[in-house]
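Have a look at the structure below before the remarks.
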Amino acid sequence: MKTEPGTYSWEDLVKDKKTVWDGVRNFQARNNIMAMKKGDMVFIYHSNVGKDIVGIAKITKEHFPDPTAEDWAVVEIAPVKKLKKSITLADIKATKKLANMVLVKNSRLSVQPVKEAEFDFIVKMSQE
DNA sequence: GCCAACGTTGGC
DNA sequence: GCCAACGTTGGC
């Protein structure tokens, strides 16, 4: 899940303990929101500023209608942990195994699917 | 600040 | 249903 740190950052999420991920106004992104299950892990990515995956959050409430716009959907997430070392877009592009990530292929999509192998690999990279 | 990529809108 | 025009996102 992408966010501009100037608007809502990982640090804000940690401070809030949990948040409703609203404001999604794209059908593809909405589909991805709806596909998320309680307990699923998600990466939080800072777009524009940093351009890096900074932490892991989890779904604490499955999708329900966006309180700010009925036709759209939101999930509630809570922070799990910050990555020891954030993984930048440049890191991802430079890593063959990750070069096919949606983040690279379709960077504008605000809620993206991450493959299990990609997830695990990024977690591993972040610990080195 | 620029611009490519993408999504949406609206005229036909 | 097509496509041009426009707006937005986000990397550089």
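Each chain gets a letter, A, B and so on, in the order its sequence line appears, and its residues count up from 1.
Ring geometry for A:Y8 against A:W21 counts as perpendicular: the plane angle is over 60°, on a 0 to 90° scale with 30° as the lower cut.
Considering only the side chain of A:F27, B:dT8 comes nearest among B:dT8, C:dC12, C:dG10. Nearest nucleotide to the side chain of A:K93, out of C:dG11, B:dC6, C:dG10: C:dG11.
Distance CG (A:L103) to P (B:dA5): 17 Å, rounded to an integer number of Å. Across the protein-nucleic acid pair, A:D52 atom CG and C:dG11 atom C1' stand 14 Å apart, rounded to whole Å. If you measure from atom CG of A:N48 to atom C1' of B:dC2, you get 14 Å, rounded to the nearest angstrom. Between the CE atom of A:M101 and the P atom of C:dG11 there is a distance of 13 Å, given to the nearest Å. What separates CE of A:M1 from P of C:dT9 is a distance of 17 Å, to the nearest Å. Across the protein-nucleic acid pair, A:R108 atom CZ and C:dC12 atom C1' stand 16 Å apart, rounded to whole Å. Rounded to a whole Å, the CZ atom of A:R25 is 12 Å from the P atom of B:dT8. Rounded to whole Å, atom P of B:dC6 lies 10 Å from atom CD of A:Q28.
Salt-bridge formation is detected for the pair A:R25/A:D66: a Lys NZ or Arg NE/NH1/NH2 atom is positioned less than 4.0 Å from an Asp or Glu carboxylate oxygen.
OP1 or OP2 of C:dG10 sits under 4.0 Å from a side-chain N or O of A:K2. The side chain of A:Y45 contributes an N or O atom lying less than 4.0 Å from OP1 or OP2 of C:dG11. When the side-chain nitrogen and oxygen atoms of A:K105 are compared with OP1 and OP2 of C:dG11, none of them lie within a distance under 4.0 Å.
Crowding of A:K85 atom NZ: a count of heavy atoms from other residues, nucleotides or ligands under 6.0 Å exceeding 12.
Residue A:L109 is classed as having no contact, given no heavy-atom separation below 4.0 Å to the nucleic acid.
With sequence neighbours left out, A:E70 forms a side chain to side chain contact (heavy atoms under 4.5 Å, CB included) with no residue at all.
With contacts defined as side-chain heavy-atom distances shorter than 4.5 Å, the pair A:L83/A:I56 qualifies.
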